[in-house]
Amino acid sequence: MPNQHTTEDAASSEAMLVPLDLGELQIVSQHWLANGTIRVEVMATTTQAACPHCQHICVKIHDMRPRKKRDMALRGHPVELIVLKRRFRCLHCRTSFTEPDTACGWRRKTTARLREAIGKQAYTQPIAHVATATGVGPRFAQECFQTVACQDIEQKGLSMDEQQPLATPQYLGIDEFARRKGHCYDTILCDLEARQVLDVSAGRKQEEVVALLER
Ligand SMILES: [Zn+2]
């Protein structure tokens, strides 16, 4: 089975092969839709799964259900993944369960790498712009940005501790954003020169921002 993207039918003369680069998934089929979307049918490469109830390793497939997910666009073409999610039957405790989705996460409709890419774009572009360019809602783009920013802060060894002092950059960027539309405003501080998030802090009221700046 080829583990690559290919466009079919209409554009076969312009088709190209690109690796899917999702090691846990294998390609079952792929289609070029009339609207320019590349639809790739995939399923997990594993042949077994651990029962979440009794940890018994199961190989008996109960059924398979297609789930539509969105992946990163390819040369401007939207990529739609049809994940054939298998349900296993545990012969030990007699229950059925759906296999985990490592590429997207529990009940997510997008791949983790798409969410990360959207979040990273929001470092240098306004959320509304990123949302329009990637064809997602601004709230979703915001959520992607917050996830990436929080991971970044932790990876850089910076603390999520609200009391810890912060570095003083040459050029400080400050903005507010809503965690939910119209609710729960937070403040973000950036080092504009280093293009780094310094902190994401709850609240945007004057006293909250003053406390943040004092750090
Ligand atoms: Zn079981």
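- In this structure, E208 contributes its side chain and R204 its backbone to a donor-acceptor pair below 3.5 Å.
- Checking side-chain atoms of H77 against main-chain N and O of G36 turns up a donor-acceptor pair under 3.5 Å.
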Point to revise | Test log, rule side-chain contact (heavy atoms from CB on, under 4.5 Å), inputs T47 and V59 | key: CA-CA 6 Å; T47 52; V59 293; 5.7 Å; no
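- In this structure, D152 CG and Q196 CD are separated by 7.5 Å, a value rounded to the nearest 0.5 Å.
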Review point. Which is it for L22 and L81 under the side-chain contact (heavy atoms from CB on, under 4.5 Å) test, yes or no, and what are the steps along the way?
Key: CA-CA 11 Å; L22 286 171; L81 292 183; 4.1 Å; yes
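- The shortest heavy-atom contact between T124 and R195 is CG2-NH1, 3.4 Å.
- Listed for the E99 side chain is a donor-acceptor partner under 3.5 Å among the backbone atoms of R86.
- In this pair, Y123 and F145 present their aromatic rings perpendicular. The plane angle is above 60°, beyond the 30 to 60° band.
- Residues L198 and L172 form a side-chain contact, since some pair of their non-hydrogen atoms from C-beta on lies under 4.5 Å apart.
- For E116 and K120, the salt-bridge test passes: some basic side-chain N is under 4.0 Å from an acidic carboxylate O.
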Point to revise | side-chain contact (heavy atoms from CB on, under 4.5 Å) between L189 and L213, intermediate numbers included | key: CA-CA 9 Å; L189 289 186; L213 289 175; 4.3 Å; yes
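- Hydrophobic clustering places V42 together with L74 (ILVMFWY residues linked when any side-chain heavy atoms are closer than 4.5 Å, directly or through intermediates).
- No more than 12 heavy-atom neighbours from other residues, nucleotides or ligands sit within 6.0 angstrom of CD on Q206.
- Residues C54 and C51 come closest through the heavy atom pair N-SG, 3.4 Å.
- The closest side-chain heavy-atom distance from D71 to R113 is below 4.5 Å.
- Nearest heavy atoms, I82 versus P66: CG2-CB, 3.8 Å.
- The aromatic rings of H56 and H92 lie parallel to each other, with less than 30° between the two planes, well short of the 60° mark.
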Check your understanding: Could you go step by step and tell me if T110 and V136 meet the side-chain contact (heavy atoms from CB on, under 4.5 Å) rule?
Key -> CA-CA 11 Å; T110 48; V136 300; 6.0 Å; no
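- In the hydrophobic clustering of this structure, F88 does not group with I57; members are Ile, Leu, Val, Met, Phe, Trp, Tyr whose side-chain heavy atoms approach within less than 4.5 Å, directly or through other members.
- Expressed to the nearest 0.5 Å, how far CZ of R39 lies from CG of L33 amounts to 4.5 Å.
- Taking 4.5 Å as the limit, some side-chain heavy atom of I118 sits within range of a side-chain heavy atom of T134.
- Between T102 atom OG1 and L25 atom CG the span is 6.5 Å, to the nearest 0.5 Å.
- Rounding to the nearest 0.5 angstrom, the gap separating the OG1 atom in T98 from the NE2 atom in H62 is 9.5 Å.
- The distance from atom OG of S201 to atom CD of E176, rounded to the nearest 0.5 Å, is 13.0 Å.
- A149 approaches V197 most closely through the heavy-atom pair CB-CG2, 4.2 Å.
- Between D21 atom CG and T111 atom OG1 the span is 12.0 Å, to the nearest 0.5 Å.
- At distances below 3.5 Å, not a single donor-acceptor pair connects side-chain atoms of K68 with backbone N or O atoms of E80.
- With respect to the salt-bridge test (charged N to carboxylate O, under 4.0 angstrom), the residues K69 and D101 qualify.
- Residues satisfying the side-chain contact (heavy atoms from CB on, under 4.5 Å) test with C190, not counting sequence neighbours, are I188, L192.
- Of all heavy-atom pairs spanning C104 and R115, the tightest one is O-NH2, 2.8 Å.
- V18 and M72 sit in two unconnected hydrophobic clusters of ILVMFWY residues. Membership requires side-chain heavy atoms under 4.5 Å apart, directly or through other members.
- Considering every non-hydrogen atom in both A50 and F97, the closest pair reads O-CE1, 3.5 Å.
- Under the 3.5 Å distance criterion, with hydrogens and angles disregarded, a donor-acceptor pair is assigned to the side chains of E41 and S29.
- Without hydrogens or angle criteria, R70 side chain to V79 main chain gives no donor-acceptor distance under 3.5 Å.
- Proximity of W32 to I38: side-chain heavy atoms (C-beta onward) are separated by under 4.5 Å at one or more points.
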